[in-house]
There are 2 protein chains.
Amino acid sequence: MGRPRTFDIDAAVDRAMELFWRQGFEATSTEDLVEGLGIARGSLYKAFGSKEQLYALALRRYCQRHAEGLVEVLDRAEQVRPAIRAVLLELVEADLADPERGCLLVNAATERSTHPDTVQQVSRTMGRIESALAGALERARARGEIAADKKPRELAQFLTTFIQGLRVMGKARADREFLDNAVEVALGALD
Amino acid sequence: MGRPRTFDIDAAVDRAMELFWRQGFEATSTEDLVEGLGIARGSLYKAFGSKEQLYALALRRYCQRHAEGLVEVLDRAEQVRPAIRAVLLELVEADLADPERGCLLVNAATERSTHPDTVQQVSRTMGRIESALAGALERARARGEIAADKKPRELAQFLTTFIQGLRVMGKARADREFLDNAVEVALGALD
DNA sequence: CGAATTTGGAACCGATCAGTCAATAACTGG
DNA sequence: CCAGTTATTGACTGATCGGTTCCAAATTCG
């Protein structure tokens, strides 16, 4: 009962994600959100409660989408090493194509390191990335794709860390050669 | 001639650096600066012009201090590999001791990726870090400390990237074990 | 001395901030 | 058709934003 919602709430969260991603939390005003989401100020607050809560929704969506994406790619791959290389090079491409945007997860970790909710969401997602990589590397080791004396979990922790570094260097406008070189050396650590 | 300045301008920049470091540019208000620097609003604007300009000064100081520090440590070291390990583990300690602060360079890169001046400063500093590492690794190779077929510049680009990742994971509240593992795997990439 | 210059402090500026609210519109069940 | 419920809208709020201006006091140099 009651008047039905006239805008797509999922699409609105997606647009909010895009805005926060590109501009950060502080630099995105509620006016930006009103304009970007295409809904009135009052509706925004009725639907999402506050800027903080909308940010939390947008961040959660980003984390789910990207962690899921990684798991999928790694699970689908018949060979793990090339799959990981492909993932890293894809990140390089994303950074080169749109260096201002970077990674919302990294942006959240740095801009909002004093906000427990954001930190927890970021931390949990890093854990998921680590697990996805560790799982894939475990399978790779079982199949002899990487050396038996390597510890998948440690390699995964290294890769998780390296990935965040890639995103930062992308924002610092490192060029393709720099990023590609870094990726190749990093992959060498798996041997 | 005229009344001499009664506050230490270098100390003021240091305090501004600390504030921007901990809170970021947007989240640090001019009121925070007035209070933190211990000088009046008018004096602040007379001495520094604007919040942006003060931020630029603070960032430049951070970059000089830390890039210099790295060059010094690497130059002083008789063995390069242990020196690099020491540098990385020191960063881990810093992250664990004060995870909210992180690295001003990383914070600047992510928060202010749309501001050309900041991006340029960050980019230049990344270049200095890369050069310092590449120089040290070149010497290490000449002395047989690392394999002759390794390319110092590529290793340096990898390490520069990895370092930024470490700082992000520190902000994401990764624990000592995680960070130490990542460092050890990264060092393995030098072999 | 007198001109020059910087100080702290407070008053003040227009702009923008995040968030609220009352009136209105659109829908459902009776 | 009507009562009840919910969504939409845009004007509105008080607070805060970065920055300016004015002042009397303090200090230096010529």
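Quick note on labels: first sequence line is chain A, next is B, and so on, each numbered from 1. Every value quoted in this text rests on a predicted model; they were computed, and no experiment measured them.
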Cation-aromatic face contact [X]/[Y], 6.0 Å, 45 degrees:
X     : Y     : value
B:R60 : B:Y55 : no
B:R41 : B:Y45 : no
A:R5  : A:F7  : yes

Measure the distance from [atom1] on [X] to [atom2] on [N] and round it to the nearest whole Å.
X     : N      : atom1 : atom2 : value
B:Q53 : D:dG19 : CD    : C1'   : 12 Å
A:R5  : D:dT9  : CZ    : P     : 12 Å
B:I39 : C:dA10 : CD1   : P     : 15 Å
B:D8  : C:dT6  : CG    : P     : 17 Å
B:L44 : D:dC17 : CG    : P     : 14 Å
A:L37 : D:dT8  : CG    : P     : 12 Å
B:L33 : D:dT16 : CG    : P     : 17 Å

Please list, by residue number, the residues of residues 110-120 of chain A whose heavy atoms come closer than 4.0 Å to an atom of DNA chain D; answer none if no residue qualifies.
none

Taking the six-membered ring where the residue is Trp, are the ring centres of A:F162 and B:F162 under 6.0 Å apart?
no

A:F20-A:Y62 aromatic ring centre distance below 6.0 Å
no

Report, as a single string ordered 5' to 3', how protein heavy atoms within less than 4.0 Å touch nucleotides 17-30 of chain C: B base, S sugar-phosphate only, - not at all.
SBBBB---BBBS--

Lys/Arg N to Asp/Glu carboxylate O, B:E68 vs B:R128, below 4.0 Å
no

Flag the pair B:D75 and B:R139 as a salt bridge only when some basic side-chain nitrogen lies within less than 4.0 angstrom of an acidic carboxylate oxygen.
yes

Taken in chain and number order and not counting sequence neighbours, the residues that satisfy side chain to side chain donor-acceptor pair (under 3.5 Å) with B:T110 are A:T110

